[in-house]
J.: 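First, the structure itself, so that you have it in front of you.
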Protein chains: 2
Amino acid sequence: MLQILVSSIIISITNLQLLKYETRKDEIIQTSAILFQKKGYSAVTMRDIAKAMGIKAASLYNHIKSKQEILSEIIISLAEQFTEQMKIIKNSNDSSIDKLRQIVDLHVNITTNNQFGMASLNNDWMHLENELEYYLNLRTNYENDFRGIIEEGIQGNELINGNPEVMLFSILSTLRSLYIWLPKKEDLDIEKFINELSLVLINGINQ
Amino acid sequence: MLQILVSSIIISITNLQLLKYETRKDEIIQTSAILFQKKGYSAVTMRDIAKAMGIKAASLYNHIKSKQEILSEIIISLAEQFTEQMKIIKNSNDSSIDKLRQIVDLHVNITTNNQFGMASLNNDWMHLENELEYYLNLRTNYENDFRGIIEEGIQGNELINGNPEVMLFSILSTLRSLYIWLPKKEDLDIEKFINELSLVLINGINQ
DNA sequence: AATTAAAACTAACAAGCGTTAGTTTTAATA
DNA sequence: TATTAAAACTAACGCTTGTTAGTTTTAATT
């Protein structure tokens, strides 16, 4: 009877872990992302990652091919999410202002769900090797679509007749920095925040 | 006669170098800043820095104490510039909107004059050791002054009655990202750009 | 109870790291 | 021309790096 109880506890612990991480590889990637955020990819060693998981560095290689692969998994999956979602927003029939709001929404949501990985995406992409070119393509596509939406808004008189490059830079810089700022705000009402941020980015702060 | 000519050429070369770098230490710091921007502090080795200068790694130590010292010199001098100038802006009698324009001006100018070091300031400050606390103090002071100017503007009905934290985050993120963006734009009219950027940040992009 | 596959381990590798000690070269000054 | 100080050099140090090979442990399945 006791043995059955103990066994069921172990099963439920196993299930709990399966709920949090799909695979052990996934756990390595997420643990690494936390460490990469704190010190950057280059300053984190395989022994650091292993220690954070309570195992030895060599054991990591039962699940991953290389340190590089961990970085790629973090960055590429995020970059693909952004580029895919941007395509959907771009191809919708909404107004330009509405599309911009959706882009803010996209960034806030991906950042909220991938708090740690966003630091690698922003700061460690240059340490990609095989996938560097692919990443740069994704990024360029994303930026071009973003720029297109702004230019459309200017032509349709939704946006002021300003420098689209300055607008793109200004909004995108803010959205790319969300990963630094969002974790500092606990108990944040995400919906309310998206509205506040959209308002500031689109309408400015002038009374 | 020939000898005198050669000697004068050498003197003029020496003077040229003195115009570009005050000391050899200064040259090491500026060269390092370029490399740190490309790959980050941790991924740059002393041998990389030496190679970029055409000397051996050990020779660097005739001029600097450690790799750490190079990073400190880059980051602390920039952080001090920002904090000092912010104090002056804060204590002026200008309107809040005017103060915000001066902050934009400050960031654009420091970034233009220290293109490479800004990457270290933004991404490698966590690798400071002895000076980490001092740096964090400078940054906190800067952000507090910035926040104060925004709050003043709200109270004085110059700015909309929005969330000051969101405003601070939005503007500061953009200004901190200038180092990524400014070098891409050649033949940039700095004054014009400061005006365009201030306009977008303060009045938004809505028609 | 025996088998199996997954996942941990120990031990070690070659290469690269920041840095030091001691020496030689360079170039200006007396 | 001899002296001096600055700034380069060679050689090496102890340590850390990512990674591999081979072995043992763990835990589920037959």
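Naming convention: chains lettered A, B, ... in sequence-line order (proteins, then strands); numbering from 1 in each chain. Below, each value reflects all heavy atoms present in this structure, side chains not excepted, and no hydrogens, waters or symmetry copies.
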J.: Given side chains that start at C-beta, do those of E151(B) and R147(B) come closer than 4.5 Å, heavy atoms only?
T.: yes
J.: Checking only heavy atoms, does the side chain of N62(A) share a donor-acceptor pair with the base of dA8(C) at less than 3.5 Å?
T.: yes
J.: For the pair made of NZ in K25(B) and P in dA6(D), what is the distance, rounded to whole Å?
T.: 15 Å
J.: Considering only NZ, NE, NH1 and NH2 on the basic side and carboxylate oxygens on the acidic side, decide whether K184(B) and E165(A) come within less than 4.0 Å.
T.: no
J.: Look at the side chain of K56(A) and decide which nucleotide, out of dT19(D), dC9(C), dT19(C), has an atom nearest to it.
T.: dC9(C)
J.: H63(A) has a side chain; which of dT10(D), dA8(C), dG18(C) sits nearest to it?
T.: dA8(C)
J.: When you check the gap from the basic side-chain N to the acidic O, do K99(A) and D94(A) get nearer than 4.0 Å?
T.: no
J.: Look at the side-chain N and O atoms of S59(A) and state whether any lies under 4.0 Å from the OP1 or OP2 oxygen of dA7(C).
T.: no
J.: From the list dT20(D), dT19(C), dT19(D), which nucleotide is the closest neighbour of the side chain of R47(A)?
T.: dT19(D)
J.: So if I take every side-chain heavy atom of K67(A) and compare against dT19(C), dA8(C), dT19(D), which nucleotide ends up nearest?
T.: dT19(D)
J.: How many Å lie between CZ on R24(A) and C1' on dA8(C), as a whole number?
T.: 9 Å
J.: If I take atom CD1 in residue I49(B) and atom C1' in nucleotide dC17(C), what distance separates them, rounded to the nearest angstrom?
T.: 12 Å
J.: Name the closest nucleotide to the T45(B) side chain, picking from dC17(C), dT19(D), dC9(C).
T.: dC17(C)
J.: Let me know the distance between OH of Y61(B) and P of dA21(C), rounded to the nearest Å.
T.: 13 Å
J.: Looking only at the side chains, is there a donor atom on one of S173(A) and S173(B) sitting less than 3.5 Å from an acceptor on the other?
T.: no
J.: Tell me: CD1 of I55(A) to P of dT26(D), nearest whole Å?
T.: 15 Å
J.: Measure CE/M53(A) against P/dC9(C) and give the value in whole Å, please.
T.: 11 Å
J.: Any carboxylate oxygen within less than 4.0 angstrom of a Lys/Arg side-chain nitrogen, looking at K51(A) and D48(A)?
T.: no
J.: Starting at atom CD1 of I64(A), determine the distance to atom P of dA6(C), rounded to an integer number of angstrom.
T.: 17 Å
J.: Of the nucleotides dC9(D), dT20(D), dT19(C), which one has an atom closest to the side chain of A58(A)?
T.: dT20(D)
